[in-house]
Enquirer: 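Can you keep this structure in mind? I'll have questions shortly.
Quick note: residue numbers are just sequence positions, from 1.
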Amino acid sequence: MDELTARQKFIFNTLFEIHTLSVKELSKQMDVSSRTILREITSMNIVLKNEDIKIAVKNGSLVIFGDDKEINILNQSLGVIPKQWLLTQEQRMLLITAELLLANEPYKSSFFSYQLNVVEGTISLYMDKIKQWLAVRNLSFSRKNGYGILVIGSEWNKRNALIELIYEYKPVEELLAYVYDTKEDSATQSFFKILFGSEAIEISKKIMTFVNNEIANVDDIAYLTSLIHIIIAIKKTMENHPIVLPLEFIQDVLSFNEFSFSHKLQGFLHKLNISITDSEIANISIHLLGNKYIYNSDRKFEELGVTLEDLAAEVVYEVEKKLDITINFDNQLILGLSNHFNPAIYRINMGITVKNPIVDQVKEYYGDLFNAVDYACKLVFLKYNIKMSKDEIGFVTMHIGAAIERTENLKNKLSVLVICPNGMGAARILSSKVKNVIQGIDEVSIESLKDWSENDKKYDIILSTVNIDTNKSFPDSNIIIVSPFLNSEDIAKINNCIKTIKEQSNSFDYVISLAQKDKSENYEEEKYEMINNMIKTLQIETIQSESFDEMVALITSKIYDNKIINNKEEIEELIVKREKMGSVAIPNAHVALLHTRSDFVISPFVGVYRLKKFMSIQSTGFVNEQVDTFIVLLARKNEQPYILEEMGNISISLIENKSFTETLRMGDIKDLRDKMLKIFNKENN
């Protein structure tokens, strides 16, 4: 049956095994439309006509007709069709990338060509796209003729990238259905089996059963992410390629709640005859314990020189400014954001992937708010070289969105006007009934027809017992004719009207004016004087140092001599602590960002310090970057918002503008001042 394509053979094989096959389920499994499936069936029936076999569609399902013996012979002649041959282009790239991330040795492109049944030219095109995807995650690959393809980078970053990749392969609900065994999905089963093998998957599920008994309240997303991390760890352990982490980190994790979870986990694995390293146990533990570890280890991030509450207030301020709203009085919001930033900053500095399964819905629902939060988080956190993912931005947006809705609920109770020509007594009875049976009404007023025609006062809803003139600028849909006795039909009409009004207001049409604008008459003058002073005091120096601590001592001494700070030791300690926290190096830029805030800073400061030779500095995910240039940003603890904004803009340029980092490394003071002016003036560099 050479006339049948691989896809058609797969349909026949699947139908042979199951007998009755839903068109909808098959289209979902093959990632093609139902119409495509039906076209394939038509083509198959033309080929199968000579075999006296037919596939029909009945009640949305495929059914095969013909002699059982002939059908069986045909199925045997087709052979088994590898599931990977049926992958879409995107799924092929995901599978290749996943296999490369797991590989201990180079892969030849010919292997992927054979595995996926595509020509090597197609594989080459895939590699160009995969290279770009890896670069964003601080990974690269070596690709040489005769050698093969191998991903270069830290094992920690490879594994976190792999988690992200698996979430891109299928929607969360389908991945959960696979891991919980609630739904048969041969494509997903094949994907996991190709990557990890059946043994590693089965052992990992046993471990997760143990974990569920030890750690309460593991939600679905945490369960899925933890399971994948464990599968990777078990596969690598079985291949004798465990992760290698810094000794200090291993000791920190294993000493947390000593003789408890990590030790129990090690004992459980021993019973399964799995010999696992302390490094791998620490890796598994940190992903399983998650926020519990982060909170209980009392990480307050003093290294940043600012409290988490201050960071939350900064983000809120920038969102307020961007959208012209006021929500900074909401203590619940500041507390909620502070609690979220605690684990979020730790995750980001560690390069740990977090999944927000509803981030796309958050973006769609909140619209401009999501974009404002994204911008605010860039301004606030990039000063500390902390880059929030879209998933993290989604969580922050949900916090702020809830606060805005709380504010709107407080201020946007609906006002109702009752018009009843039958006398004030009847009007008051109707008004009383409205207050008693309708929720969300703040004010109920009563007016006569004459008052209504002469009054310009605004109401959300008008209830009238008679038809009224609607030539005013008031929507007809919000004028409701009701009985003086307010029957059930009237109540339903009013509730539907309220629902429509609230749905329209939920489009986040912001109406609250910003109350946080500076009241100073000399605000603009002070602002520009302060920014100009930052440019005036800008420093570029070349220094020679053998260690990070020695370099920081030299830098703080120079800044102290220039009367920028009044306590050298305090600033020196804060900068050293920040570096030990990790993630100060800008990936692939040879530049590191050192930012802190302190009451010992006299005025905001930007300085650039170049080394005569490279220094190894830790970046995200236990990666060491070779750095020869440090940009130092210093601010006061209660710094003016516009200064923090400009420092945020400098930090954004470090990430998004390669020419700026090149100027930091190679340019003279004039070049750097020109670049800074362009950043402050928001010109394209």
Enquirer: Can you find a heavy atom in the side chain of Glu447 that is under 4.5 Å from one in the side chain of Tyr459?
Expert: yes
Enquirer: I need the single residue from Val315, Ile404, Val316 that forms a side-chain contact (heavy atoms from CB on, under 4.5 Å) with Leu333. Which is it?
Expert: Val316
Enquirer: Heavy atoms only: give me the nearest Val57-Leu62 pair and the separation to one decimal.
Expert: CG2-CD2, 3.7 Å
Enquirer: Between Leu382 and Leu654, is there a side-chain heavy-atom distance shorter than 4.5 Å?
Expert: no
Enquirer: Please report the closest heavy-atom contact between Ala372 and Val319, naming both atoms and the distance.
Expert: O-CG2, 4.1 Å
Enquirer: Mark yes when over 12 heavy atoms from residues, nucleotides or ligands other than Lys658 sit less than 6.0 Å from its NZ; otherwise mark no.
Expert: no
Enquirer: Apply the test side-chain contact (heavy atoms from CB on, under 4.5 Å) to residues Tyr366 and Ile400: give CA-CA distance (whole Å), side-chain angles for both, the deciding distance (0.1 Å), then the verdict.
Expert: CA-CA 10 Å; Tyr366 287 110; Ile400 296 178; over 6 Å; no
Enquirer: Could you tell me the separation between the CD atom of Glu646 and the CD1 atom of Ile535, rounded to the nearest 0.5 Å?
Expert: 8.5 Å
Enquirer: With a 4.5 Å heavy-atom cut-off, do Ile358 and Asn356 have their side chains touching?
Expert: yes
Enquirer: If you count every heavy atom of other residues, nucleotides or ligands that lies below 6.0 Å from Asn59 atom CG, does the total exceed 12?
Expert: no
Enquirer: Any idea which heavy atoms bring Pro357 and Val172 closest together, and the distance?
Expert: CB-CG2, 4.0 Å
Enquirer: To the nearest 0.5 Å, what is the distance between CD1 (Ile37) and NZ (Lys24)?
Expert: 14.0 Å
Enquirer: Can you find a pair of side-chain heavy atoms, one from Tyr365 and one from Met398, that are under 4.5 Å apart?
Expert: no
Enquirer: So, Lys383 and Glu639, do they make that salt bridge, N to O below 4.0 Å?
Expert: no
Enquirer: Evaluate Val396 against Ile393 for side-chain contact (heavy atoms from CB on, under 4.5 Å), listing each step before the verdict.
Expert: CA-CA 5 Å; Val396 178; Ile393 295 298; 5.6 Å; no
Enquirer: Has the side chain of Glu309 got a donor or acceptor atom that lies under 3.5 Å from a matching backbone atom of Ile334?
Expert: no
Enquirer: What distance separates Ser43 OG from Leu38 CG, expressed to the nearest 0.5 Å?
Expert: 11.0 Å
Enquirer: Does one side chain, of Asn657 or Ser659, offer a donor that lies under 3.5 Å from an acceptor on the other?
Expert: yes
Enquirer: For Ser445 and Leu417, indicate whether the former's side chain and the latter's backbone hold a donor-acceptor pair under 3.5 Å.
Expert: no
Enquirer: When rounded to the nearest 0.5 angstrom, what distance separates CH2 in Trp133 from CD in Glu168?
Expert: 6.0 Å
Enquirer: Give the minimum heavy-atom separation between His595 and Leu633, together with the two atoms involved.
Expert: ND1-O, 2.9 Å
Enquirer: Is any side-chain heavy atom of Ser483 less than 4.5 Å from a side-chain heavy atom of Glu489?
Expert: no
Enquirer: Not counting sequence neighbours, which residues clear salt bridge (charged side-chain N to carboxylate O under 4.0 Å, His left out) with Lys637? List them please.
Expert: none
Enquirer: For Asn496 and Ala492, indicate whether the former's side chain and the latter's backbone hold a donor-acceptor pair under 3.5 Å.
Expert: yes
Enquirer: Can you name the salt bridge (charged side-chain N to carboxylate O under 4.0 Å, His left out) partners of Lys433, sequence neighbours left out?
Expert: none
Enquirer: Looking at Asn487, I want to see if its CG is surrounded by more than 12 non-hydrogen atoms of other residues, nucleotides or ligands under 6.0 Å.
Expert: yes
Enquirer: Assess whether a salt bridge exists between Lys321 and Glu318, defined as any Lys/Arg side-chain N lying under 4.0 Å from an Asp/Glu carboxylate O.
Expert: no
Enquirer: Atom CD1 of Ile491 and atom CD1 of Ile480: how far apart are they, to the nearest 0.5 Å?
Expert: 11.5 Å
Enquirer: Name the one of Ile221, Ile163, Leu175 that satisfies side-chain contact (heavy atoms from CB on, under 4.5 Å) with Lys355?
Expert: Ile221
Enquirer: Taking atom CD of Glu90 as the centre, report whether more than 12 heavy atoms of other residues, nucleotides or ligands fall under 6.0 Å from it.
Expert: no
Enquirer: For residues Ile345 and Ile348, determine if any side-chain heavy atom of one lies less than 4.5 Å from a side-chain heavy atom of the other.
Expert: no
Enquirer: Show your reasoning for whether side-chain contact (heavy atoms from CB on, under 4.5 Å) applies to Asn478 and Ile462.
Expert: CA-CA 6 Å; Asn478 291 16; Ile462 295 176; over 6 Å; no
Enquirer: With side-chain contact (heavy atoms from CB on, under 4.5 Å) as the test, would you mind laying out the steps for Leu95 and Tyr169 before giving the verdict?
Expert: CA-CA 8 Å; Leu95 179 61; Tyr169 179 72; over 6 Å; no
Enquirer: The test is side-chain hydrogen bond (donor to acceptor under 3.5 Å, both in side chains); show your working for Asn532 and Glu529 and say whether it passes.
Expert: CA-CA 5 Å; Asn532 287 335; Glu529 183 179 349; over 6 Å; no
Enquirer: Decide yes or no for Ile494 and Leu486: does some side-chain heavy atom of the first lie under 4.5 Å from some side-chain heavy atom of the second?
Expert: yes
Enquirer: Against the six-membered ring of Tyr375, is Lys322 placed for a cation-pi contact (under 6.0 Å from the centre, within 45° of the normal)?
Expert: yes
Enquirer: For the side chain of Asp460 and the backbone of Ser415, is there at least one donor-acceptor N/O pair under 3.5 Å apart?
Expert: yes
Enquirer: Quick one about Tyr180 and Asp220 (side-chain donor to acceptor, distance below 3.5 Å, no hydrogens or angles considered), yes or no?
Expert: yes
Enquirer: Specify whether Phe395 and His340 have parallel, tilted or perpendicular ring planes, treating 30° as the upper limit for parallel and 60° as the lower limit for perpendicular.
Expert: tilted
Enquirer: So, taking the atom named CD in Glu392 and the one named SG in Cys377, what distance separates them when rounded to the nearest 0.5 Å?
Expert: 9.0 Å
Enquirer: Mind listing the closest non-hydrogen atom pair of Ile55 and Ile41 along with its distance?
Expert: O-CG2, 3.7 Å
Enquirer: Looking only at heavy atoms, which two atoms of Leu227 and Met208 are closest? And how far apart?
Expert: CD1-CG, 3.6 Å
Enquirer: Report yes if some heavy atom in the side chain of Leu311 is under 4.5 Å from a heavy atom in the side chain of Leu308; otherwise report no.
Expert: yes
